[in-house]
Amino acid sequence: TQAPVNVTVTGAAGQIGYALLFRIASGQLLGPDTPVKLRLLEIPQAVKAAEGTALELEDGAFPLLAGIDIFDDAKQAFAGANVALLVGARPRTKGMERADLLEANGGIFKPQGEAINAGAADDIRVLVVGNPANTNALIAQSHAPDVPAERFTAMTRLDHNRAVAQLAKKLNAPVGEITKLTIWGNHSASQYPDIFHAEVGGRNAAEAVNDEKWLAEEFIPRVAKRGAEIIEARGASSAASAANAAIDHIHDWVLGTPEGDWTSMAVPSDGSYGVPEGLISSFPVRCRDGKYEIVQGLEINEFSRTRIDASVAELAEEREAVKKLGLI
Ligand code: NAI
């Protein structure tokens, strides 16, 4: 076995944290041969709860769990981190304007970016889960000038997985037969789940569906508003499915996407598909040898173009807003 990998998790005492940490400890993040050391970051008021979770992790007797440290200081928590899962964020509360939300999150993601810059390992990979995820990732990235920009990513894998599941249901196919689906844009209601390049058992999924009304009026809004549907049903926001998606995102980034398939990750744009450079936007990506690359050369039809552009415009607006606030 190899040396333990340091995995820093912020918001460790939250509901996603509770679902996430046990799966990391069990080896589902980095595979069955890689021991992990958990470095948990919480705000001081939640450190005690994180300690409670650490007791339970101990009780899991996970052979791959090489240690747990708990911090309320970002510099310490990110020291030596190889993987950073930025889950803790400031939620929007009643009456909160967007600028207030962005500013509150700037207060979290700026110092965390600085801490990553100061002390993370050279191979650091960052996934931002905490919302607004894409723009929080942009804030953290802009305060980590010594870290290659492409190491900062945001999570649209939950949207991707939701879309795969809904499409499989519609086509009465096993989820494992759905490939090459893409989430474009922002992790928000403006996101665009694209099935035009997707396949079901090797056959084009859009042709198999052959129902543009379903696509426009059921599938897309269902995926985009699934978070609200979960809150309505469960009385709490998605947690286990979000943790599952975070595991999938890092797992595939490090260990690769399956041959003949791709996944969706929000990554810094290189200008592909007309997305302004530097925006952290969701794309189809393939991962191999620990690196991802944006899938190139897909034809974008009119239906898709309008929707991609709308979501990307929202990201550009968020970037302008955080620029104005001096957060990037
Ligand atoms: P939660 O409220 O249960 O937990 C958040 C935790 O973060 C709390 O324990 C809090 O003390 C901690 N925290 C706050 N500020 C922190 C800081 N500066 N440093 C370290 N920890 C800090 O929330 P939950 O349900 O775990 O969700 C976390 C975030 O993930 C939310 O922003 C939510 O909107 C987002 N989310 C994103 C999804 C995506 O697909 N990208 C899906 C689902 C949730």
Side-chain angles (χ1 to χ4, degrees), residues 8-21 38-54 69-78 81 84-93 96 101-116 126-140 143 153-163 183 185-191 193 223-231 234-250 263-267 280-282 315:
T8 299
V9 180
T10 78
Q15 51 154 6
I16 294 176
Y18 194 73
L20 183 60
L21 295 170
L38 285 169
R39 302 177 71 79
L40 311 183
L41 178 64
E42 259 296 350
I43 54 175
Q45 309 88 284
V47 161
K48 185 140 186 280
E51 285 167 357
T53 304
D69 290 294
I70 302 172
F71 306 94
D72 63 7
D73 175 78
K75 286 256 152 56
Q76 291 174 359
F78 290 109
L85 300 169
L86 276 47
V87 179
R90 178 68 198 278
R92 189 190 287 257
T93 42
M96 203 176 194
L101 179 76
L102 293 172
E103 191 148 36
N105 279 293
I108 295 174
F109 288 88
K110 177 174 183 273
Q112 292 185 0
E114 289 166 351
I116 288 168
V126 181
L127 168 63
V128 177
V129 174
N131 282 319
N134 303 52
T135 296
N136 287 341
L138 189 68
I139 294 170
H143 295 282
T153 67
M155 189 165 94
T156 51
R157 183 60 178 262
L158 178 54
D159 310 300
H160 178 97
N161 289 348
R162 285 167 171 166
I183 303 293
N186 200 1
H187 169 70
S188 76
S190 76
Q191 67 175 265
V223 172
K225 294 181 199 156
R226 184 70 162 182
E229 187 183 342
I230 302 290
I231 292 174
R234 211 173 83 84
S237 60
S238 324
S241 56
N244 179 62
I247 296 271
D248 285 349
H249 177 115
I250 295 290
T263 188
S264 304
M265 290 168 60
V267 303
I280 298 188
S281 188
S282 190
L315 282 173

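As the structure is a prediction and not an experimental result, all values here were calculated from the model. First listed ligand is number 1; within each ligand, the first listed atom is number 1.
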- After noting the C-alpha distance and the side-chain angles of Arg162 and Ser238, does the key distance pass the side-chain hydrogen bond (donor to acceptor under 3.5 Å, both in side chains) rule? CA-CA 11 Å; Arg162 285 167 171 166; Ser238 324; 2.9 Å; yes
- Message: Determine whether Asn186 and Gln191 satisfy the following criterion, side-chain hydrogen bond (donor to acceptor under 3.5 Å, both in side chains), listing intermediate values before the conclusion.
- Response: CA-CA 5 Å; Asn186 200 1; Gln191 67 175 265; over 6 Å; no
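Every residue two or more places apart in sequence or in another chain that forms a side chain to side chain donor-acceptor pair (under 3.5 Å) with Ser188 is listed here: Ser190, Glu314. Residues that satisfy the side chain to side chain contact (heavy atoms under 4.5 Å, CB included) test with Ala115, not counting sequence neighbours, are Ala74, Lys75, Phe78. The side chain to side chain donor-acceptor pair (under 3.5 Å) search around Glu51 returns none, not counting sequence neighbours.
For a heavy-atom separation below 4.0 Å, the residues in contact with ligand 1 are Gly11, Ala13, Gly14, Gln15, Ile16, Leu41, Glu42, Ile43, Ala46, Val87, Gly88, Ala89, Ile108, Gln112, Val129, Gly130, Asn131, Met155, Leu158, His187, Ser237, Ser238, Ala242.
If you check the side chains of Thr10 and Glu42, you find no donor sitting under 3.5 Å from an acceptor.
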